[in-house]
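Worksheet: the structure to be examined is printed underneath.
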Amino acid sequence: MADESTPQANAPQANAPQANAPQVSWPFREAERVAERLAQKGKTHALFETGYGPSGLPHIGTFGEVARTTWVRNAFTRLTGLPSKLLAFSDDMDGLRKVPDNVPNRDMLRQFLGRPLTDVPDPFGTHASFGAHNNARLRAFLDSFGFDYEFASSTEYYVSGKFDAALLHVLANHDKIVEIIRPTLGPERRATYSPILPIHPRTRIVMQVPIESTDVEHGTVTWSDPETGTRYETAVTGGSAKLQWKADWAMRWYALDVDYEMSGKDLIDSVKLSSQIVRALGAEPPVCLTYELFLDENGQKISKSKGNGLSVEQWLTYAPPESLAQFMYHAPQRAKRLFFDVIPRAADDFINNAAALRTTNDPQGNPAWHIFGGKIPDDAGSPISFTMLLNLASVINAENPDMLWGFIRAYMPGATPENAPFLAKLVAYAIAYYRDFVAAGKQFRAASPAERSALQDLATRLKAGAYQEFPGETEAEKLQNLVYAVGKEQKFSPLKAWFDCLYQVLLGQTEGPRFGGFIALYGVEKTVGLIEAALARDERK
RNA sequence: GAGCCUGUAGCUCAGUGGUAGAGCAUUCGACUUUUAAUCGAAUGGCCGUGGGUUCGACCCCCACCGGGCUCACCA
């Protein structure tokens, strides 16, 4: 503070915080919370967890949760240099509650309702159990994005005894846990609730029954089959029993000493209660982050039955994975509408961020830095926006990458798939977009008699190679001059009407590219085919 | 009933206590042998309302109004 003596008395607030302090990105904010937890506990490695319910196949929210957790984990690594692990935990020991609509052999499945998913045959017949099948789907999904994680099966953890010590501890605190959960339940469930769900030794069903007594010394609970009245004494360890959801989550946090887990806002109450249970067990819950759920185009909730959501497959048909990551990065605690129209913008946000990464002095505040996992690749960017590519693809009826590249080079000389590989990927996505959304919605107008003869004339002269006689240094110019000549000879007035005819009759749109250039890229023969097809189409009407 | 998100340009949305921003739309211009893409520019704002904190509030706090979502069975 050498300026004590300088006459800056009117300068604003000496004690105000520096206005230009770089904003800390949310993954680093979360990472700091994790680092703080580790410091308090004296831990030197961090465990990040993500969880998967038994019912669902992997979906766009699954991607979001793992991607976001991975960003926090990377930030943690960068911040502390400490080792860490991401555990992807599958609740495959949960009972099969209902038969899903979208699987084969549903009658077979019906016989196994209530049994752990890993105790239900695989309706697809490809894996050892339904649970194993779903696990494989989940892992394939995560692997397709290259996520770094360790898979964990609840069944395996229970059966192998990895949870035994924690389960006995839960048993010892059985009443305390009941007291935590009971006030949140309705009257009926309140009467029967226990965090311990014994697995029926005969039917293998996960039983929700009153626990009549607990024996901490022997590690067992006593209960009665409500149908037969038979009393059973069941060990809480070794996979003979599992825990009810909220207690299960808490026990897992306790047993594995989980340091970080995020979840959707639908689980706010579960996080609260599970945290209370962990404290009752004498430990601290992990650092938790609640993220908002996604809405559809109209701000309505996304439900599978309505089909108003956007699937990962759909997104990745029209834009690269980085764009989906970009969408997931932004403001996880804010509700966002997730529908088709957000894709181009997410892609361009990513492109801009990737470009800014090279010039910024705060790379760790840049989403692209996180999406790249802290590494800055050489060929990440695109010199042209995705929105522009989509427009271009529409205007020129881009049926293949070569056509699009032809127009890209027209004003970006030197651009090739080799020196702009990310752009090359975007081109392929733009083609898919054109194919599915633009081409499908085309409205082709019938040609008037005068237009018919003009089109016929153009086709004939194209076929004969007559354009070679026209002036111009390039094929495109010669073709353009031929098109003009036909329009003038056929006395279109204004001449623009001739071009309107070409766009509306041949391309099914009101506007289009310079036609000579279009023919050159699309191909003379194919253009002739286009004309003949249009004339034949009108003939039939 | 409990909780969460949200309200900023015509539309969709960014916005980090210090001059209100982008894309699209609109209008004008440049380029073009017709266009479109593209490029340049302009237009467009009581930042939901009312209080409070502050030298200063879109931003922080409180209340209210509007728009949504989630949980109160299971997980």
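Chain identifiers are assigned alphabetically (A, B, ...) following the order of the sequence lines, protein sequences preceding nucleic acid strands; residue numbering begins at 1 within each chain.
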Inset, instruction - For F470(A), check ring-ring contact (aromatic ring centres under 6.0 Å, His included) against everything at least two apart and list the hits. - result: none
Using atom [atom1] of [X] as one end and atom [atom2] of [N] as the other, report the distance to the nearest whole Å.
X	N	atom1	atom2	result
N391(A)	rU35(B)	CG	C1'	15 Å
Y291(A)	rC5(B)	OH	P	16 Å
L389(A)	rA37(B)	CG	P	15 Å
D266(A)	rC73(B)	CG	P	15 Å
K98(A)	rC73(B)	NZ	C1'	13 Å
K265(A)	rU70(B)	NZ	C1'	5 Å
F518(A)	rU32(B)	CZ	C1'	19 Å
D269(A)	rG1(B)	CG	C1'	12 Å

Inset, instruction - Go through the steps to decide whether E49(A) and Y260(A) satisfy the test side chain to side chain donor-acceptor pair (under 3.5 Å), and finish with yes or no. - result: CA-CA 6 Å; E49(A) 183 178 66; Y260(A) 189 81; over 6 Å; no
Inset, instruction - Applying ring-ring contact (aromatic ring centres under 6.0 Å, His included), run through F294(A) and F339(A) and close with a yes or a no. - result: CA-CA 9 Å; F294(A) 299 112; F339(A) 61 108; over 10 Å; no
Inset, instruction - For residues M251(A) and V170(A), report the shortest heavy-atom separation together with the two atoms involved. - result: CG-CG2, 3.9 Å
Legend entry - Residue pair A255(A) / A166(A): nearest heavy atoms and the distance that separates them: CB-CB, 3.6 Å
Between [options], which nucleotide has the shortest distance from any of its atoms to the side chain of [X]?
X	options	value
I268(A)	rA37(B), rC4(B), rU32(B)	rC4(B)
V395(A)	rA37(B), rC5(B), rU35(B)	rA37(B)
L197(A)	rC69(B), rA75(B), rA37(B)	rA75(B)
K496(A)	rU34(B), rA36(B), rC71(B)	rU34(B)

Heavy atoms only, 4.0 Å cut-off, all strands: where does [X] land among base, sugar-phosphate and nothing?
X	answer
Q509(A)	nothing
L502(A)	nothing
L293(A)	sugar-phosphate
R514(A)	base
K272(A)	nothing
T184(A)	sugar-phosphate
G186(A)	sugar-phosphate

Inset, instruction - May I ask you to check if R68(A) and Y291(A) form a cation-pi contact, with NZ or CZ under 6.0 angstrom from the six-membered ring centre and within 45° of the axis? - result: yes
Return the set of residues passing side chain to side chain contact (heavy atoms under 4.5 Å, CB included) with [X] (not counting sequence neighbours), or none when no residue passes.
X	value
E477(A)	E473(A), T474(A)
P383(A)	M412(A), L423(A)
V395(A)	P513(A)

Legend entry - Any Q244(A) side-chain nitrogen or oxygen under 4.0 Å from OP1 or OP2 of rA75(B): yes
Between the protein and nucleotides 10-14 of chain B, are there any N/O to N/O pairs under 3.5 Å, and if so, what are the atom names and distances?
residue, atom, partner, partner atom, Å
rU12(B), O3', R337(A), NH2, 2.8
rC13(B), OP1, R337(A), NE, 2.9
rC13(B), OP1, R337(A), NH2, 2.9
rC13(B), OP2, R337(A), NH2, 2.0
rC13(B), O2', R345(A), NH1, 3.3
rC13(B), O2', R345(A), NH2, 3.0
rA14(B), OP2, R334(A), NH1, 3.3

Donor-acceptor list for residues 89-103 of chain A side chains, cut-off 3.5 Å, not counting sequence neighbours:
residue, atom, partner, partner atom, Å
S90(A), OG, N135(A), OD1, 2.6
D91(A), OD1, R252(A), NH2, 2.6
D92(A), OD1, S153(A), OG, 3.4
D92(A), OD1, S154(A), N, 3.1
D92(A), OD1, T155(A), N, 2.8
D92(A), OD1, T155(A), OG1, 2.8
D92(A), OD2, N135(A), ND2, 2.9
D92(A), OD2, S153(A), OG, 2.7
D94(A), OD1, K242(A), NZ, 3.3

Identify every side-chain donor-acceptor pair in residues 185-196 of chain A under 3.5 Å, counting partners at least two apart or on other chains, and give the distances.
residue, atom, partner, partner atom, Å
R189(A), NE, Q208(A), OE1, 3.4
R189(A), NH1, T192(A), OG1, 3.1
R189(A), NH2, Q208(A), OE1, 3.2
R190(A), NE, R182(A), O, 3.4
R190(A), NE, L185(A), O, 3.3
R190(A), NH2, L185(A), O, 2.6
T192(A), OG1, R189(A), O, 3.3
Y193(A), OH, Q244(A), OE1, 2.7
S194(A), OG, H174(A), NE2, 2.8
S194(A), OG, I196(A), N, 3.0

With rounding to whole Å, what would you report as the distance between [N] and [M] at their [atom1] atoms?
N	M	atom1	result
rC58(B)	rG51(B)	P	14 Å
rU53(B)	rC62(B)	P	15 Å
rG7(B)	rA42(B)	C1'	28 Å
rU54(B)	rU38(B)	C1'	48 Å

Donor-acceptor pairs under 3.5 angstrom involving side-chain atoms of residues 331-338 of chain A: please list them, not counting sequence neighbours.
residue, atom, partner, partner atom, Å
K336(A), NZ, H330(A), O, 2.4
K336(A), NZ, A331(A), O, 3.4
R337(A), NH1, E297(A), O, 2.4

Legend entry - Pairing string, 5' to 3', for RNA chain B - Watson-Crick or wobble contacts under 3.5 Å, brackets [ ] where pairs cross, | to another strand: (((((((..((((....[..)))).(((((.......))))).....(((((..]....))))))))))))....
Legend entry - Partners passing side chain to side chain donor-acceptor pair (under 3.5 Å) against D248(A) (at least two apart in sequence or in another chain): Y158(A)
Legend entry - Of K242(A) and Q480(A), the one whose closest RNA chain B nucleotide lies more 5': Q480(A)
Inset, instruction - Just grab all the salt bridge (charged side-chain N to carboxylate O under 4.0 Å, His left out) pairs involving residues 383-405 of chain A, residues at least two apart or on different chains. - result: E399(A)-K526(A)
Between the protein and nucleotides 25-30 of chain B, which nitrogen or oxygen pairs are less than 3.5 angstrom apart?
none

